Amino acid sequence: MNFIRPTAIATHARDLLAGHPRRSVGHNPLGAIAVVALIGLTGIVIWSGSSVAAGGMDKDLHETLAYSLLALIGLHVGAVLLMSLLTGENLVRAMISGRKKNSLYPNVREARGPGLFAALLGAAAIVLAIIAIVMVDPTAFAPQQRHSHHGSHEERD
């Protein structure tokens, strides 16, 4: 697995600062770190939000974490746009479709779809997240009653 390549970070940063970053089939070294940071910070924001709901964490810390996540998302999107300009590759389209032009990478074979293990791992993550949410808030998935802004008939008379 070569998603995160610490040894390639310095070379990528040097090429980037020179204005000539190399194209990469997947995420470039800094992009890979950004993805891990985004996923990790998303998990922390979810955890801190559930901790606030349970009364175990300060709301201000949760809000700071959430705003930090928004800033990181903005930075990542900006970096994608910058890299698209510098490499001449439409990375926004690649982010949406999951594909890049084959002609730019002639020696790279087509990627396989996710296997059974990946599908099971994803399903397990979803189930565990639902269990954790219900442990914190047993009514999280219960239908909510709507409250009328006008009050009941008895209140108006």
Side-chain angles (χ1 to χ4, degrees), residues 1-138 140-141:
M1 182 164 139
N2 62 357
F3 181 65
I4 297 179
R5 302 175 311 274
T7 57
I9 293 171
T11 302
H12 173 69
R14 190 170 36 255
D15 292 346
L16 184 60
L17 291 173
H20 302 290
R22 297 178 193 153
R23 289 185 180 128
S24 58
V25 176
H27 287 85
N28 64 47
L30 293 176
I33 292 170
V35 168
V36 172
L38 285 165
I39 292 169
L41 192 51
T42 299
I44 292 168
V45 168
I46 292 169
W47 169 78
S48 67
S50 64
S51 294
V52 167
M57 180 175 280
D58 181 40
K59 183 180 173 188
D60 291 338
L61 176 58
H62 169 68
E63 288 180 0
T64 299
L65 291 167
Y67 284 122
S68 298
L69 177 59
L70 290 174
L72 187 56
I73 291 168
L75 178 65
H76 186 67
V77 169
V80 166
L81 295 174
L82 177 65
M83 289 301 294
S84 291
L85 289 172
L86 293 175
T87 63
E89 195 171 11
N90 188 340
L91 297 177
V92 174
R93 182 178 61 216
M95 286 176 66
I96 294 169
S97 70
R99 298 192 166 287
K100 291 185 175 183
K101 287 186 177 182
N102 291 347
S103 61
L104 297 175
Y105 306 97
N107 297 327
V108 176
R109 67 183 173 123
E110 188 70 23
R112 302 180 285 144
L116 178 61
F117 179 73
L120 291 174
L121 186 62
I126 291 168
V127 168
L128 290 172
I130 291 170
I131 290 169
I133 290 168
V134 171
M135 287 175 64
V136 171
D137 182 3
F141 297 105

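Just so it is clear, the structure is predicted and the values come from calculations on it, not from any experiment.
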Less than 4.5 Å apart, any side-chain heavy atom of V45 and any of H62? yes
Taken to the nearest 0.5 Å, the spacing of L82 CG from L75 CG works out to 10.5 Å
I need the S48 OG to L41 CG distance, nearest 0.5 Å. 8.5 Å
Spacing of M83 atom CE and S24 atom OG [to the nearest 0.5 Å]: 6.5 Å
Does I133 reach the side chain of I46, with side-chain heavy atoms less than 4.5 Å apart? no
Answer whether the closest heavy-atom distance between the side chains of V52 and M57 falls below 4.5 Å. yes
Partners meeting side-chain contact (heavy atoms from CB on, under 4.5 Å) with F117 (sequence neighbours left out): L121
Minimum heavy-atom separation for L86 and G19, please, with both atom names. CD2-O, 3.9 Å
Kindly indicate whether the side chain of L81, heavy atoms from C-beta on, has any atom under 4.5 Å from the side chain of L91. no
Do N28 and L16 have side chains that approach each other closer than 4.5 Å (heavy atoms only, starting at C-beta)? no
Going by heavy atoms in the side chains, are T11 and R22 under 4.5 Å from each other? yes
How far does CG of L38 sit from CD1 of I33, to the nearest 0.5 angstrom? 12.0 Å
Please report the closest heavy-atom contact between G31 and H76, naming both atoms and the distance. O-CE1, 4.3 Å
Taking all non-hydrogen atoms of both residues, which atom of T87 and which atom of P21 are closest, and how far apart? CG2-O, 3.9 Å
Kindly say whether V25 contributes a backbone atom to a donor-acceptor pair with the side chain of K100 at under 3.5 angstrom? yes
